[in-house]
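Below, chain A is the first sequence line, B the second, and so on; all start at residue 1. We use all heavy atoms of the structure for the numbers below, so side chains are in, but hydrogens, waters and symmetry mates are not.
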Amino acid sequence: MSCDCNATRCPWCALLYSSAPTPDVTRRTMSADPLADLDAEFLTFLRRAGVPESALESAQLSTPPQREFGARSSNVAFALARERRTSPRAIAQELAETFHPDEYRLLGRIEPAGAGFLNAFLNDAAFTQDVIGGVQAAGAHYGRRPDAVARRVVIEHTSVNPNKEWHIGHARNAVLGDVLVRTLRLAGDEVEVQNYIDDTGLQAAMSIVGLVDFPEPEQPDEKFDHYAGRLYVKIAGELGSEKTLKERLAELEHAPALSSSEPVNEADSLRARLENIARLQKRAVQVMHGLESGEYQHLVRQILDAQLLTAYRLGVFYNLLAWESDLVESHLFGDAIQRLEQSPSVTRPAEGRYAGALVIWTGQQSEEGEPRAEVLIRSNGLPTYVGKDIAYHMWKFHLVPNRLGYVPYAEEPNGETLWSTSVHGEPRPSLAPQLIINIIAAHQSQAQATVKDALRAAGFAEAAGDLVHLAYGLVKGEFGHFSGRAGTAVSADSVIDEAVRVAYDRVRERQSGEMADVEMRAIAEAVGVGAVRYFMVQYNPQREITFNVADVVSYDGNTALYIQYALVRMHAILRRATGERGIPQEEIAAANLCLLQHEQERRLIYHLALYPSAVADAARTLSVNLIAEYAFDLATIFSQFYRDCSVLDAAPELRAARLQLVATVRDVLANACSILGVPVIERL
RNA sequence: GCGGGCAUAGCUGAGUUGGAUACAGCGGCGGACUUCUAAUCCGCAGAUCGGGGGUUCGAGUCCCUCUGCCCGCACCA
């Protein structure tokens, strides 16, 4: 293989020239992070130019806002200007003059710019070689920093009450959590995904009351969670109307003179309904006790399994179902309380509003301005949700004796075993997590803060610091917030169905009968699921999003389909290359990458190099939208390359190089899609 | 009232240790399909970054303050 670029720093020509520059920066490593290698050279240059470490620490290397400013930029001259009492521009000028291109492999030249920036320009041939070689060598691990330190992380997400179907807000939670899981795993962390099942709460009880006491004579043709949800909404509505009914009744009883016959009838019917409500309440309490003893587990499982079908359809998977009933049954809660009782901020007031309850004082105020406590155990002896959550977190962090094992629950469609907590079962992983991330809606921030306060109060300050609440904003409808209780929420299943239906219609329109229906349906499913997932992650998690089906189903612009479409184009090129064009693999493999000098090619290569830092930033700041943004940008640059650079019709040498580039872009974009959970399709 | 969050183009958003002329998508207007398949690409218009003050060589970003919207302040979860 030869090269006609005649540059001394071209890796191909270097074989011919074989000059022996300084070893530390010239060794060809096929690094999994070529951008970091470039930055390392940049820093080496700055050190050689006499920049002290203190200035390097306070300065930063970044990608400049415009291509004309080169590949990387340093603002170190601004930091130096203060102590040297010179203008940043003069310092940048001075530093740039010390640059000798022969001493570097990836750095081509350094220029002062603007008010005092130092801009680094690439030695394109070497950089191209490193990037494409690096991606190929790293394979599916590309994106992981070579120096990444694996942490043990537990991520809890979803945690939907097992009582009705997911609404679109639950889907946001699950997708955010799932993408974060995939991000951290690619970044190198060892992640266990937990889904907390609150099977002993009031919500589950109401659905069970519906299923047991008021089943519909004919099982309708719908998912079991939807069926349970409809019964739940009826019962919750009836229970929720108690206050209004009582007020109305009081009104009638206190104004008997106003009318003669009608109000009496109304009062009677009100009393009848209130009696009915009282019966329902009694039943709910009975059922809650039944739930704690496992009496209705088959029904809870039936609802949960239906919910999990929604998760699986979205490509969301878990490692462990953590059952609240197990937490109670195993006496873990008791262990946690024992720890807490030793803290001065945990008390059992003998009088006042908290008389008889066990509470923790967190320094918060009530609406009336009085000190407010969080109840851990009610005066009737039953633990509260927050109390149980605290116990759950002590268990998650291995801070209380382990009383729960793992048993297999099911095999997930991805082939992995889904485990379940159990008072029996195999021991869980023996090492405690170093980090716990909870994906929980923003309106539960106080409750999450209370869990941290409680950990500190129990003497686990370090654990409290390792507990992160990723608060995400609610998904609201065009006409306000959704209410699960009132049944006004849009179900996740219906949104996925709609997205897939629209996609199917458009695929069929486009294909006009040339493609088998099975394949069109598979494509539509991938497009629809991709659209829903992408919609959920493209926004900053902490913002509320206004949900609109039309937005999910709009397949133009910044959407999953745009990214999938770019991949379809790449697959088409690669398929044709080895197919109808019959280009041998050896020819492609032997490509001379120095030929990739077109502006669009260089932009693509630079963007490929950016991937490890995008993954690292997303993992560090828990901002999965960065991955969506990265994928969209890469797809955009590819679309422009596609317009400007013909691959199959290029001269044979260039064609081979471009085919390698396309295959590499395909790999990285597919990698980003695998984090986003956006399915890759090869045809459209 | 107390605590938390948010405010960027007509709309929805990005801007994550302060950096160069604030970046996209949609919508609007105008262009490009005999092609490696146009669900694509190109161009134009559109922003006193909620108001005011401060720190800094430099502020959408940090501090103070005001305004507006959302959430929480249950022996619910």
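Ring geometry for A:Phe535 against A:Tyr539 counts as perpendicular: the plane angle is over 60°, on a 0 to 90° scale with 30° as the lower cut.
Dashed line: the shortest gap from a side-chain N or O of A:Arg576 to OP1 or OP2 of B:U37 is under 4.0 Å.
Between A:Arg655 and A:Glu587 there is a salt bridge, since at least one side-chain N of the basic residue sits less than 4.0 Å from a carboxylate O of the acidic one. Under 4.0 Å is where a charged nitrogen must lie from a carboxylate oxygen, and between A:Arg575 and A:Glu580 no such pair does. Ion pairing between a basic and an acidic side chain is recognised when a charged N comes within 4.0 Å of a carboxylate O; A:Arg348 and A:Glu341 show such pairing. A salt bridge links A:Arg501 to A:Glu498: one of the charged nitrogens lies within less than 4.0 Å of a carboxylate oxygen.
Here B:G3 presents its P atom at 17 Å from CD of A:Glu370, a figure rounded to the nearest Å.
Comparing B:U40, B:C42, B:C36 by their closest approach to the side chain of A:Ser646 singles out B:C36.
Taking the six-membered ring for Trp, A:Tyr562 and A:Tyr565 have ring centres at least 6.0 Å apart.
A stacking contact links A:Phe69 to B:A20: the aromatic ring centre lies within less than 5.5 Å of the base's six-membered ring centre, and the planes differ by less than 30°. Stacking between A:Tyr642 and B:C36 is present: the aromatic ring centre lies within less than 5.5 angstrom of the base six-membered ring centre, and the two planes differ by under 30 degrees. Under the stacking criterion of a centre-to-centre distance below 5.5 angstrom and an interplanar angle below 30°, A:Tyr562 is not stacked against the six-membered ring of B:A39.
Of all nucleotides present, only B:C2 satisfies the Watson-Crick or G-U wobble test against B:G72, with each distance under 3.5 Å. Taking a pair to require two hydrogen-bonding distances under 3.5 Å in either a Watson-Crick or a G-U wobble arrangement, B:G19 pairs with B:C57. If you check B:C41 for Watson-Crick or wobble pairing at under 3.5 angstrom, you find it paired to B:G31.
For A:Ser73 and B:A20, a side-chain-to-base donor-acceptor distance below 3.5 Å is present, hydrogens and geometry of angles not being considered.
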Inset, instruction - Assign a letter to each nucleotide of nucleotides 10-17 of chain B from its 5' end: B, base within under 4.0 Å of a protein heavy atom; S, sugar-phosphate only; -, no contact. - result: --SSSSBB
